[in-house]
Amino acid sequence: MLASLIEEIKAKFIQHVQSHYGYSVSQLIVEQPPKVELGDLAFPFCFELAKYLKRPPRQVATEVASSVGTFPGVAKIQVAGPGYINVFLKRGDFFKQLFQTSHQRPVSATSPAQTKEKIILEHTNINPNKAAHIGHLRNAVLGDTFARLLRCSGESVEVQNYIDDTGVQVADVVVGFKYLEKKNLQAVQAIPGKFDYYCWDLYAKVSSSYEQSLESQELRSDTLKLIEEGHNDTAELAHYISHKIVQCHLDTMWRMGIQYDLLPKESDILHLKFWHYAFALLKKTGAIHFETSGKNQGCWIMRVGEKNSPATKEPVAESGSERDFEEGKIIVRSNGTVTYVGKDIAYQLWKFGLLGMDFFYHPFHRYPNGHTVYMTTSDNNQQSGQAQFGGGQRVYNVIDSRQSYLQNIVIAGLRALGFQEQADKSTHFSYEMVALSPRCCEDLGIQLSEADRQRPYVEVSGRKGLGVKADDLIDILLEKSLQEVRNRHSDLDETEMKRIATTIAVSALRYFLLRYTRNSVIAFDFKEALSFEGETGPYVQYAVVRANNILKKVQEEDSSCSPDSVQLFVQTVGTGAFPDERIEDEFWKLIYLASQLEPNVRLSIQTSEPATLTKYLFALAQAFNLFYHRHRIISEVDPLKKRFLLALTRILRDQLEQGLNLLGITVPAKM
RNA sequence: GCGCCCGUAGCUCAGUUGGAUAGAGCGCUUGCCUCCGGAGCAAGAGGCCGCAAGUUCGAAUCUUGCCGGGCGUACCA
């Protein structure tokens, strides 16, 4: 809504400057004046123009402002400060429009034609050998939120959660069961309780046993080989473990409102020979080469220059000494096995539909909301359903920033194969890790070395079993919010209380993980994560609950304020009955802020930064709370003003609620 | 060594493609329920935006150098 208005104004300014001064403004920037009194939109282009004309900016601005004419939707234009042109919008018209559209989806309604690209978004990707921890939650919440943002703007998105079921980590747990605990498949199946928690501890035990003996490390590589070969007891055990753990992860993520469309398995990439085909391609194009000497003798490696422009990089002019430059990344080991990156290149090719091969699929799990997530299979007898996956035009991989080197290699691989366009449309959606604050480690009873205690944070380690498990954290949050609900609403029945508590717990956790920008390390701290006050999800939820209470109550008590009569009133805003002057700065500020949902959603998508939207929603909730405290709406005596305040309340409620939904947060009736 | 990221209030963090007086939460101090729910609101204290140069009408933001921290740079992922 606002976007199209701004575009019109911009176009007119550009045209005006062009025809009057023969100057084309390179980039017409629009910003917001620091105060409402100064206007709604600020245009600083006169500084640039003044420089070109070699005249004082303020003088130029005055000239432009007085000669440019009028704009639809604009009340007046003013020159301010050293040479800004500030635009004041017609408040009534703007308000009316916002009211009519505020219940619609924030972006799609006014979006220009969408790209019609199919987007593949990969996230979560937890090794299926242990319980999920907070770091995994950050990944999944970021990915899920971004998927919601894309979908809301009309994009078609397929969410994939890659399962590394033939990796070393699964092998480690198999080693644990087979050799440390002497358990066969049957015994493993009989393990009671949370299986992912059991494996969490076992994985830590196995890891420490590796440090003690070399022979157990041999067990690992033998086991890995057996798993890759398949059709043996070990592979069967590994299969059971990884599938069972995947189900645990799906359950955990579902608690957070996160679901997937497809679970592609690494084993299927191997069994269906995706890799063989990709390998042949890579060899043919010379993207990789066979090392005949040196450290990496017998390996196939890919040379990658600095940054993400690898093969295209011109040979570096070496200065002076002959330093041994980039050795490249090993794609195929000397024993002939493929590294993870190699498989990832094949997977990425498949995502773009460049492999000319496909998986088979079968339904793996049906969510309570009816959605089915499929899993790949190599057995075409297992194929069921008509599901089609892959073949996207754009790919986002949500993977933490520690893997950016590997992600660059995957993209460089595409480039080396001549798939420039796909390489350009591959995005590593990277984010920094979640670490533990030293205080958090103390809370967990973890012994820290003196050196660690001095650090700002301690890295989570699955191998050491060092971390906060996702389910534990959700449980703690749930218990805490249930207690709060109990204190406030003892009249509700237990099921209802639990339902409310769940939305609050999810809200607190999702908001906590989203409020940090992606490249900020989160030093996890229980006190902050468990807070429901201040800049938190529950704070924003609460604002919506309050708004709903007002709207509900006024309908019960005052028949002259029905939705219809408010709607009728809004028609008269901006006319003699309720002129623009009655929309005071205080209210206008709120209206204008509420209209910023769509721009913020767009910006979040453009920059792949959900934190932008998250912060905006908090600011909007804050503004609402201020409004709430300063005005008694229900007892307002002026009937017109009362309706105006109600209409404003509805707008704010709608914008907040829609924004929260995009973050995966729902609003309870009470809280 | 090389690559990427970070350094903003006591703490945790925002700060749109350079823009007007650098913001928020927490913590601290002091207030606010004759109430549409206090998971709230108001006020106050608290800043050489790591340091130094440069680019320009204008720099927390861009460039370079330095200082400090993190993560990569595995025949792990």
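These numbers come from a predicted model, not from an experiment. In the text below, chain A, chain B and the rest are named by the order of the sequence lines, each starting its count at 1.
- Atom pair A:Met433:CE and B:C4:P shows a separation of 19 Å (rounding to whole Å applied).
- When heavy atoms are screened at a 4.0 angstrom cut-off, A:Tyr457 is found touching the sugar-phosphate backbone but no base atom.
- Comparing atom distances between the A:His629 side chain and each of B:C41, B:A77, B:G72 picks out B:C41 as nearest.
- Across all strands shown, A:Ala42 has heavy atoms under 4.0 Å from base atoms, whether or not it also approaches the sugar-phosphate.
- Nucleotides B:A45 and B:U29 are separated by 8 Å at their C1' atoms, to the nearest Å.
- The side chain of A:Lys670 approaches B:G37 more closely than any other nucleotide in the set B:C57, B:A42, B:G37.
- At the phosphate of B:A77, neither OP1 nor OP2 sits under 4.0 Å from any side-chain N or O atom of A:Tyr162.
- With both ends at atom C1', the span from B:G54 to B:G31 equals 50 Å, rounded to whole Å.
- Side-chain N/O atoms of A:Gln622 include one lying less than 4.0 angstrom from OP1 or OP2 on B:G25.
- Residue A:Ser520 is in sugar-phosphate contact alone, with no base atom involved, counting any heavy-atom pair closer than 4.0 Å across all strands shown.
- A:Ile301 has its CD1 atom 14 Å from the C1' atom of B:U73, to the nearest Å.
- As a whole-Å value, the separation of A:Arg632 CZ from B:G37 C1' is 11 Å.
- Separation of the A:Phe43 and A:Tyr84 ring centroids does not fall under the 6.0 Å cut-off.
- Under 4.0 angstrom from either OP1 or OP2 of B:C6 there lies at least one side-chain N or O belonging to A:Asn519.
- Using a 4.0 Å heavy-atom distance criterion, A:Glu459 is classed as a sugar-phosphate-only contact.
- For A:Asn625 against B:G40, no side-chain N or O and base N or O form a donor-acceptor pair under 3.5 Å.
- Aromatic pair A:Tyr511/A:Tyr539: centroids not less than 6.0 angstrom apart.
- No contact: A:Ile522 has no heavy atom under 4.0 Å from any strand.
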Step by step, work out the side chain to side chain contact (heavy atoms under 4.5 Å, CB included) result for A:Phe532 and A:Leu477.
CA-CA 10 Å; A:Phe532 296 158; A:Leu477 278 160; 4.0 Å; yes
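- Residue contacts for A:Gln596: at a heavy-atom cut-off of 4.0 Å it reaches no nucleic acid atom on any strand shown.
- Checking the phosphate oxygens (OP1, OP2) of B:C76, a side-chain nitrogen or oxygen of A:Arg333 falls inside 4.0 Å.
- Counting any heavy atom pair closer than 4.0 Å across all strands shown, A:Met671 reaches a base atom.
- With A:Asp558 as the fixed residue, the side chain to side chain donor-acceptor pair (under 3.5 Å) test singles out one of A:Lys553, A:Lys642, A:Arg643: A:Lys642.
- B:A20 and B:G27: their P atoms are spaced 30 Å apart (whole Å).
- Seen from the ring of A:Phe429, A:Arg518 counts as a face-on cation partner, given the 6.0 Å and 45° thresholds.
- Spacing between B:G18 and B:A59 at atom P, rounded to whole Å, works out to 13 Å.
- Only the C1' atoms considered, B:G58 is 13 Å distant from B:C62, to the nearest whole Å.
- For the 3.5 Å distance criterion, the side chains of A:Thr166 and A:Glu266 qualify, holding a donor opposite an acceptor.
- Using a 4.0 Å cut-off, some side-chain N or O of A:Arg546 falls inside it from OP1 or OP2 of B:G38.
- We find that CG of A:Asn296 is positioned 14 Å from P of B:U73, with the value rounded to whole Å.
- In the set B:A77, B:U21, B:A24, the nucleotide with an atom closest to the side chain of A:Phe618 is B:A24.
- A donor-acceptor contact under 3.5 Å is not formed by the side chain of A:Ser404 with the base of B:C4.
- For A:Tyr405 and B:G72, the shortest distance from a side-chain N or O to OP1 or OP2 is not below 4.0 Å.
- Look at the C1' atom in both B:G23 and B:G47: the space between them is 11 Å, to the nearest Å.
- A:Lys670 contributes atom NZ, which lies 12.5 Å from atom OH of A:Tyr542 (distance to the nearest 0.5 angstrom).
- On a pure distance criterion of 3.5 Å, no polar donor-acceptor pair joins the side chain of A:Asn129 and the base of B:A77.
- No hydrogens or angles considered: nothing links the side chains of A:Asn161 and A:Glu122 as a donor-acceptor pair under 3.5 Å.
- Heavy atoms of A:Asp164 sit under 4.0 angstrom from primed sugar atoms or phosphate atoms, though from no base atom.
- Among the heavy atoms of the strands lying under 4.0 Å from A:Phe532 is at least one base atom, whether or not backbone atoms are also near.
- Judged purely by distance below 3.5 Å, without hydrogens or angles, the side chains of A:Tyr431 and A:Asn519 never pair a donor atom with an acceptor atom.
- Checked against a 6.0 Å centroid threshold, the rings of A:Phe524 and A:His133 do not count as neighbours.
- Within 4.0 Å of A:Leu406, counting heavy atoms only, lies at least one base atom of the nucleic acid.
- As judged by a 4.0 angstrom heavy-atom cut-off over every strand, A:Lys35 is placed among the base-contacting residues.
- Remark: the backbone N or O of A:Leu530 is paired with a side-chain donor or acceptor of A:Lys480 at under 3.5 angstrom.
- Between A:Leu28 atom CG and B:G19 atom P the separation is 15 Å, expressed in whole Å.
- How far CD of A:Glu535 is from OG1 of A:Thr614: 9.0 Å, rounded to the nearest 0.5 Å.
- Distance, A:Phe47 CZ to B:U17 P: 19 Å, rounded to whole Å.
- In terms of polar N and O atoms assigned as donor or acceptor, the side chain of A:His489 comes within less than 3.5 Å of the base of B:G37 in a complementary pairing.
- Rounded to whole Å, the distance from CG on A:Asp400 to P on B:G72 is 9 Å.
- Among B:C57, B:C76, B:G70, the nucleotide with an atom closest to any side-chain atom of A:Val168 is B:C76.
- Within the 4.0 Å cut-off from OP1 or OP2 of B:A14, not a single side-chain nitrogen or oxygen of A:Lys615 is found.
- As rounded to the nearest Å, B:A9 and B:A24 have C1' atoms that lie 11 Å from one another.
- Listed nucleotides B:A20, B:C41, B:U12 differ in distance to A:Leu626; the shortest reach to its side chain belongs to B:C41.
- Nucleotides B:A22 and B:U64 are separated by 27 Å at their P atoms, to the nearest Å.
- Residue contacts shown for A:Glu528 are limited to sugar-phosphate atoms, with no base heavy atom under 4.0 Å away.
- No engagement by A:Pro599 is indicated, since no non-hydrogen atom pair under 4.0 Å with the nucleic acid exists.
- One atom, CD1 of A:Ile85, and another, P of B:A20, lie 17 Å apart when rounded to the nearest Å.
- Residue-level contact check: A:Asn86 touches the bases, meaning some heavy atom is under 4.0 Å from a base atom.
- For A:Arg488, a side-chain nitrogen or oxygen approaches OP1 or OP2 of B:A39 to under 4.0 Å.
- In terms of phosphate contacts, A:Tyr539 brings a side-chain nitrogen or oxygen within less than 4.0 Å of OP1 or OP2 of B:C41.
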Dot-bracket for RNA chain B, 5' to 3', Watson-Crick and G-U pairs with both distances under 3.5 Å, [ ] for crossing pairs, | for partner on another strand, reads (((((((..((((.....[...)))).(((((.......))))).....(((((..]....))))))))))))....
